[in-house]
Colleague: 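Before I ask anything, here is the structure I am working with.
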Amino acid sequence: MSKMELLQGTLDVMVLQTLATMGALHGYGIARRIEQVSGNQVLLNQGTIYAALVRLQQRGWIAAKWGVSENNRKAKFYSITKAGTKQLAADAAYWRQLSDVMGRVLAPAEEGE
Amino acid sequence: MRRLWERMAAVVRGRALDRKLDEEMAAHVEMATADFQARGMSEKDAPRAALAALGGLVVTRETHRDARGLPFMETLLQDIRYGLRTLRRDAGLATFAVLITGLGVGASATVFSVVHAILLRELPMADGDRLVWISNSGSDGLSGRTTQTAYLRDMQGKLATIGDAAGHFAFYGIGDLKMTGAGEPERLTGVPVTGNFFPLLGVTLQMGSGFTEAETQPKGPDAVIVSYDFWERRMHRDPGAVGRTLILNETPSRVAGVLPKSFDFGAMFAPGVHVDVFPAFAMSEQTNRWGNTMSIVGRLKPGATAVEAGAEMKVFAQQLAKLYPGQNEFKPEVRLLREYVSGSVRTAILVLSGAVAAGAADAGGESAVVGVGGWVGAGAGGGRDAGVGGA
């Protein structure tokens with residue numbers, strides 16, 4: 001099975017969700033985590049993570065701080081903010097509803113009624 | 001709002017942010033390399049795989065820039081730079097465009113200031129519509145428009161249509177008064193006026209009560225009324241200016257008043273002339289012997305018209321001529337001052353302003369063509385740059 005391209009807007013939610021469950025993480029850690037959770041099904045161009053991170057930071061949904069990684073390397077650590085948590089709740093509800101609707105619309109006819 | 005600010009700041013601090021990102025990506029690649037090695041990749045292949053997973057450093061940097069900055073602002077900056085390069089390349093054309101635009105703007109501004117002063121602005125005086133210009137058509141030239149002082153003195157208070165008349169000495173010279181004694185010496189322009197000149201015009205002095213009786217008499221003490229501009233420029237808006245002494249042509253002269261800002265002698269009587277001070281002018285046997293020197297302004301009595309005043313003045317002048325057979329001729333003409341100020345030049349000024357407006361539009365059009373050319377070129381340049389970035 002070929003890997004999935006990410007839909008517009010989904011990466012931001014994935015990043016927020018990752019930070020919400022894992023706490024502070026560096027960019028590479030976030031990328032790896034998303035790949036793992038998706039069962040390596042998404043085609044993640046890891047570099048796009050950094051564009052998403054700066055976007056989220058500008059919106060005030062995540063904060064960044066320089067720190068030291070597990071193998072003693074200087075790295076930038078990101079964590080979710082209060083506003084980010086709120087945004088994540090809204091986005092998660094939206095995506096759940098959307099996937100629910102898509103699931104029902106695309107369901108085979110015999111399964112309906 | 002905050003986001004916009006951050007994004008604009010990001011455009012300006014682009015290089016520093018790039019360096020930060022490079023550092024971050026270096027950490028990323030290092031960690032990814034270590035991971036790939038842990039999963040059994042060779043020391044040689046692991047860094048390559050790490051970079052591939054990242055999607056390449058250059059592309060990452062570009063997407064990061066787009067996200068953090070204002071892409072349109074960055075391309076705008078590029079366009080402006082490209083436009084400037086184009087202008088420098090065609091320096092001759094650029095100079096021409098700048099000059100022609102400058103000339104257009106300059107000419108329009110000049111003509112508008114004249115149009116404003118002469119056609120649009122109301123006379124800045126109380127009841128300006130009742131002021132008349134009493135000129136003398138006795139002979140040719142400027143002295144033909146002016147009148148001997150004796151006629152002025154005699155017409156004051158003796159006419160049914162004109163309440164009072166005043167005058168200014170028409171043969172003042174630009175920069176004829178030398179001011180010394182207080183700070184930088186300066187050549188001033190002074191227009192001598194009769195004692196009742198400003199009261200007749202309906203100009204209320206901003207400060208001071210004007211010339212004293214003695215100051216308007218022959219051989220009386222010297223006094224001047226100063227313009228607002230002069231008071232501001234040379235007297236530093238001194239609230240105690242009235243009563244101070246100016247040394248003009250080595251003679252002390254008392255400051256008898258300060259004119260209001262709204263009064264502009266040049267705009268009414270001598271377009272383009274900047275007057276600093278108005279010395280008191282005495283009507284005497286001596287000044288009468290100087291010949292035709294007075295420009296006369298009168299104020300119509302309520303209900304009287306300029307035409308009626310002209311008719312009465314004609315009869316009056318004939319009576320005076322019999323009385324003083326040796327005097328210069330006085331053939332009075334009476335016109336509303338406002339018509340005198342704008343009338344003779346009205347058509348000429350309208351034509352001139354039309355011509356200048358057309359010229360300015362032309363200049364604007366031409367430089368616009370140059371500008372659009374540069375802009376289109378800049379757009380193409382931006383496209384090329386983008387092509388390189390995307391490749």
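Chain letters run A, B, ... following the sequence lines, proteins first and then strands; every chain starts at 1. Basis for what follows: all heavy atoms, side chains included, without hydrogens, waters or symmetry-related copies.
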Colleague: Before giving the answer on side-chain contact (heavy atoms from CB on, under 4.5 Å), spell out for Trp66(A) and Lys20(B) the whole-Å C-alpha distance, their side-chain angles and the decisive distance to 0.1 Å.
Modeller: CA-CA 10 Å; Trp66(A) 286 93; Lys20(B) 284 259 165 72; 3.7 Å; yes

Colleague: Can you tell me how far apart CZ (Arg73(A)) and CE (Met31(B)) are? Round to the nearest 0.5 Å.
Modeller: 7.5 Å

Colleague: Output the option from Leu54(B), Leu21(B), Asp35(B) having the highest count of non-hydrogen pairs under 4.5 Å with chain A.
Modeller: Leu54(B)

Colleague: Who are the ring pair (Phe, Tyr, Trp, His ring centres under 6.0 Å) partners of Phe36(B), not counting sequence neighbours?
Modeller: none

Colleague: Carefully, step by step, assess Tyr28(A) and Val29(B) under the rule side-chain contact (heavy atoms from CB on, under 4.5 Å).
Modeller: CA-CA 8 Å; Tyr28(A) 178 68; Val29(B) 171; over 6 Å; no

Colleague: Within a reach of under 6.0 Å around CZ of Arg48(B), are more than 12 heavy atoms found that belong to other residues, nucleotides or ligands?
Modeller: no

Colleague: Decide yes or no on side-chain contact (heavy atoms from CB on, under 4.5 Å) for Glu23(B) and Lys76(A), but give the supporting numbers first.
Modeller: CA-CA 9 Å; Glu23(B) 233 178 290; Lys76(A) 207 172 180 182; over 6 Å; no

Colleague: Are more than 12 heavy atoms, taken from residues, nucleotides or ligands other than Gln36(A), located less than 6.0 Å from that residue's CD atom?
Modeller: yes

Colleague: Quick one: CE on Met25(B) to CD on Gln46(A), what's the gap to the nearest 0.5 Å?
Modeller: 12.0 Å

Colleague: Is Arg19(B) atom CZ crowded by more than 12 heavy atoms from other residues, nucleotides or ligands, each under 6.0 Å away?
Modeller: no

Colleague: Could you give the distance from OH (Tyr50(A)) to NE2 (His28(B)), rounded to the nearest 0.5 Å?
Modeller: 5.0 Å

Colleague: Quick one: salt bridge (Lys or Arg N to Asp or Glu O under 4.0 Å) partners of Arg33(A), sequence neighbours excluded?
Modeller: none

